[in-house]
Amino acid sequence: MGSVSPMEFVLAVVDPEYPKEVNLKELETNKKLFKDAVKIAEKNGLYYYFVLRLKESNLDLPFLNKERWEKELQKLSMYKRTLEFLNDMRENHGIEYILIKACTRVPHIPRDIDIFVRIGDKKKICYMFELMGLKSIYSNDVETAFCKEGYLKLDVYSKIQYV
């Protein structure tokens, strides 16, 4: 099989169609390989899926930073809570929005949630968010960002502007 790079391990774990075979057991004994692969996964937004797939493979992961993994699971919980909040706002307060997210085949946990609203609804929505305990952290013509402990940052857009 030959020497396999950390990048090849990441690709083999997250992409079932990746053509190169790797021996995942090597990640149980080679600390440097494991740490380097995790670093590459993190830099490329693949940490969650990479570790999840390793855990699903029932590997012993002695080099996994358990605190880092727990933080990722907390972030997942915050993501779900934020989406539930948005759904509740839509159902109970008639706030219509479109979720703006890249569509990828690889599951990941985003840093924030972006929504697009009608320009005429933006003030009402921002007011409702503040009534529900979200704090505005900045605002301009295009975007208003909100935060609340236990939730992901929520960005409200009423215009799409490309640089």
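As the structure is a prediction and not an experimental result, all values here were calculated from the model.
In this structure a side-chain-to-backbone donor-acceptor pair under 3.5 Å is present from Glu28 to Asp60. Remark: side-chain polar atoms of Thr82 are not paired, donor with acceptor, to backbone N or O of Tyr151 under 3.5 angstrom. Formation of a donor-acceptor pair under 3.5 Å by the Lys148 side chain with backbone atoms of Met132 is found in this model. In terms of modelled atom types and a separation under 3.5 Å, the side chain of Glu91 and the main chain of Asp88 share no donor-acceptor contact.
Partner of Ile113 under the side-chain contact (heavy atoms from CB on, under 4.5 Å) criterion, chosen from Tyr79, Tyr97, Phe146: Tyr79.
Side chains of Glu67 and Glu70 form no contact here, defined as non-hydrogen atoms less than 4.5 Å apart. Two residues are said to be in side-chain contact when any heavy atoms from C-beta on lie closer than 4.5 Å; Leu24 and Phe9 meet this criterion.
Note on Met128 and Leu99: same hydrophobic cluster, where clusters join Ile, Leu, Val, Met, Phe, Trp and Tyr whose side-chain heavy atoms are under 4.5 Å apart, directly or indirectly. A continuous path of Ile, Leu, Val, Met, Phe, Trp and Tyr side chains, each step under 4.5 Å between heavy atoms, connects Leu73 with Met78, placing both in one hydrophobic cluster. Hydrophobic clustering of Ile, Leu, Val, Met, Phe, Trp and Tyr side chains at less than 4.5 Å, counting indirect connections, unites Val156 with Tyr127. Transitive grouping of hydrophobic side chains (ILVMFWY, heavy atoms separated by less than 4.5 Å) keeps Ile115 and Ile137 in distinct clusters. Neither Tyr157 nor Tyr138 shares a network with the other; the hydrophobic side chains, linked directly or stepwise wherever heavy atoms of I, L, V, M, F, W or Y lie under 4.5 Å apart, form separate groups for each.
In this structure, Glu143 CD and Phe116 CZ are separated by 12.5 Å, a value rounded to the nearest 0.5 Å. Expressed to the nearest 0.5 Å, how far NZ of Lys32 lies from CG of Asn30 amounts to 8.5 Å. Between atom CG of residue Leu11 and atom NZ of residue Lys20 there is a gap of 11.0 Å, rounded to the nearest 0.5 Å. Atoms CG and CD1, from Leu86 and Ile95 in turn, are 9.0 Å apart once rounded to the nearest 0.5 Å. Rounded to the nearest 0.5 angstrom, His108 NE2 and Leu76 CG are separated by 11.5 Å.
With respect to the salt-bridge test (charged N to carboxylate O, under 4.0 angstrom), the residues Lys101 and Asp112 qualify. Ion pairing of Glu96 with Arg118 is present here, as a side-chain N (NZ or NE/NH1/NH2) and a carboxylate O approach within less than 4.0 Å. Salt bridge annotation for Asp155-Lys153: present, with a cationic side-chain nitrogen under 4.0 angstrom from a carboxylate oxygen.
For the pair Ile40 and Pro6, the tightest heavy-atom approach, listed with the atom from each and the gap, is CD1-CB, 3.7 Å. Between Asp141 and Ser158, the closest heavy-atom pair is O-OG, 3.9 Å. Closest approach of Lys75 and Ile109 over heavy atoms only: NZ-O, 3.5 Å. Contact detail for Leu152 and Pro110: the closest heavy-atom pair is CD1-O, 3.5 Å. Here the closest non-hydrogen pair linking Phe50 and Ala37 is CZ-CB, 3.8 Å.
Ring pair Phe85/Phe129: centre-to-centre distance below 6.0 Å.
For residues 40-49, the set of pairs meeting the side chain to side chain donor-acceptor pair (under 3.5 Å) definition, not counting sequence neighbours, comprises Glu42-Arg68.
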